[in-house]
Amino acid sequence: MIWNFIQNQILGMKWLNAALGKGLALTGLDMSSRIGGSIQFFLYDVIKITILLCVLIFLISYIQSYFPPERSKKIMARFHGIWANCIGALLGTVTPFCSCSSIPLFIGFTSAGLPLGVTFSFLISSPMVDLGSLLLLVSIFGIKVAAAYVILGLIVAVAGGTLIEKLHMENYIEDFIRTTKLAETDGPSLTQAERLLYARDQMAGTFKKVFPYILAGVGIGAVIHNWIPESIVEKVLGSNNPFGVLLAVVVGIPMYADIFGSIPIAEALLSKGAMLGTVLSFMMAVTTLSLPSIIMLRKAVKPRLLGLFVAICTAGIILVGYLFNIFSFLFT
């Protein structure tokens, strides 16, 4: 009962949804209509995600202040083999919130001489699995699904990085990265006040960057939730369509959003009858394989390595989607 209260009323903010419904009804808006439902969905999700986003980014940025690139490099350099890939993937969870902002760090780590597989494990996990999204996932899907999403995302990151390392793809890094030598410095230590200021600035900067995508994502979610018939979503992305996961990945890749912008769409699709694995594979595709991030990554790696990265991520995402769908079918 205590956990249900935390999930529904604190993380999910169901009280906010009820309050908005009553407030909008007082203005004369028919809350049973599609327009009324869309407005309520839009306001509720924007406010909820904004509050959680700001709190989470502040906390994660404060943690991140202890892991500048130089320190992260030293931490990863202490490990070898698959353990190094695991550390790279875990460090990706406390770094930037989208693939485009994680690519510069990937370039820096690669230039610093870290194993290519480790840097790719970092690159995969950074947008796909971050601590900031965990509580948002819990608020919608519950703790079990959120934990499974994070664990499977880390497995994809570790497996992908390990495979790239085993294939010895170092020659497919662009020459300017391999010849760049970074200065060996830890930089000045931050005081607690400076860490708090850093967290505040990161929160403000990240919020300004992702808020348009939140608005777009919630807007799309509101349309799906109130205007698209449930039968259509079930037919295209439900259990009766064995190609639903593939379709979700194909649709998700051209989009550009971080996980905070894709969650409202996923929430609406799930409420309309889409399979859980299909929805989660859509989120992974949006955050990990967006076209802008692929274009940016092409500046750092040659086409053969880029194609391998896309193929590994796509295969991992599809596998995760079907695994979730199988488990959902067996245990519900």
Side-chain angles (χ1 to χ4, degrees), residues 60 63-131 153-187 202 256 258 284 287-317:
I60 298 303
I63 296 172
Q64 188 184 350
S65 71
Y66 288 93
F67 297 95
E70 297 83 4
R71 185 172 184 183
S72 298
K73 173 199 165 185
K74 286 189 174 182
I75 292 173
M76 288 190 285
R78 297 174 186 171
F79 297 86
H80 303 281
I82 194 170
W83 293 111
N85 293 87
C86 292
I87 296 301
L90 288 172
L91 282 176
T93 65
V94 293
T95 47
F97 300 93
C98 68
S99 53
C100 287
S101 54
S102 61
I103 289 174
L105 280 176
F106 161 79
I107 293 174
F109 289 148
T110 305
S111 299
L114 288 173
L116 190 61
V118 176
T119 59
F120 266 98
S121 288
F122 166 85
L123 182 63
I124 296 170
S125 72
S126 183
M128 184 185 293
V129 184
D130 65 72
L131 295 179
L154 290 173
I155 291 174
V156 171
V158 172
T162 301
L163 179 58
I164 288 174
E165 188 167 344
K166 295 296 183 182
L167 292 175
H168 302 290
M169 305 294 290
E170 288 78 10
N171 290 333
Y172 295 95
I173 295 291
E174 291 292 350
D175 294 336
F176 79 92
I177 295 177
R178 290 192 291 168
T179 57
T180 300
K181 299 298 181 184
L182 300 183
E184 295 288 338
T185 176
D186 286 331
Q202 286 289 99
Y256 175 57
D258 55 27
M284 285 184 168
T287 56
T288 310
L289 293 173
S290 65
L291 286 181
S293 67
I294 292 175
I295 292 171
M296 285 184 64
L297 186 59
R298 172 61 186 91
K299 301 296 182 181
V301 303
K302 296 177 181 179
R304 186 170 180 177
L305 179 53
L306 180 64
L308 179 63
F309 167 76
V310 172
I312 289 173
C313 290
T314 302
I317 291 169

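Atoms considered below: every heavy atom in the structure, side chains included; atoms not considered: hydrogens, waters and symmetry mates.
- When the salt bridge (Lys or Arg N to Asp or Glu O under 4.0 Å) test is applied to Arg304, no partner is found at least two apart in sequence or on another chain.
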Discussion item. Evaluate Leu297 against Phe309 for side chain to side chain contact (heavy atoms under 4.5 Å, CB included), listing each step before the verdict.
Written reply: CA-CA 10 Å; Leu297 186 59; Phe309 167 76; 3.6 Å; yes
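- Scanning both residues, Met169 and Leu305, for their nearest heavy atoms gives CB-CD1, 3.8 Å.
- In terms of heavy-atom proximity, Val158 sits nearest to Ala89 at CG2-CB, 3.9 Å.
- Gly88 and Ser125 make their closest contact through O-OG, 4.0 Å (heavy atoms, listed as atom of the first residue, atom of the second, distance).
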Please report, to 0.1 Å, the donor-acceptor pairs under 3.5 Å made by any side chain of residues 116-123, with sequence neighbours excluded.
from	atom 1	to	atom 2	distance (Å)
Thr119	OG1	Leu116	O	2.8
Ser121	OG	Asn85	ND2	3.1
Ser121	OG	Gly117	O	3.2
Ser121	OG	Ala157	O	2.9

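- Partners of Ala300 according to the side-chain contact (heavy atoms from CB on, under 4.5 Å) rule, which considers only residues two or more places apart in sequence or in another chain, are Phe106, Ile107, Ile177.
- With rounding to the nearest 0.5 Å, the separation of OG1 in Thr288 from CD1 in Ile317 is 4.5 Å.
- Annotation: the span from Leu308 atom CG to Ile164 atom CD1 amounts to 5.0 Å, rounded to 0.5 Å.
- Looking at residues two or more places apart in sequence or on another chain, you find a side chain to side chain donor-acceptor pair (under 3.5 Å) between Ser65 and Arg195.
- Smallest separation of non-hydrogen atoms from Lys302 and Glu174: CG-OE2, 3.6 Å.
- Note: Cys86 SG to Ile155 CD1 = 9.5 Å, rounded to the nearest 0.5 Å.
- Summarising the local packing, CG of Leu163 is surrounded by more than 12 heavy atoms from other residues, nucleotides or ligands at distances under 6.0 Å.
- Smallest separation of non-hydrogen atoms from Ile312 and Gly160: CG2-CA, 3.5 Å.
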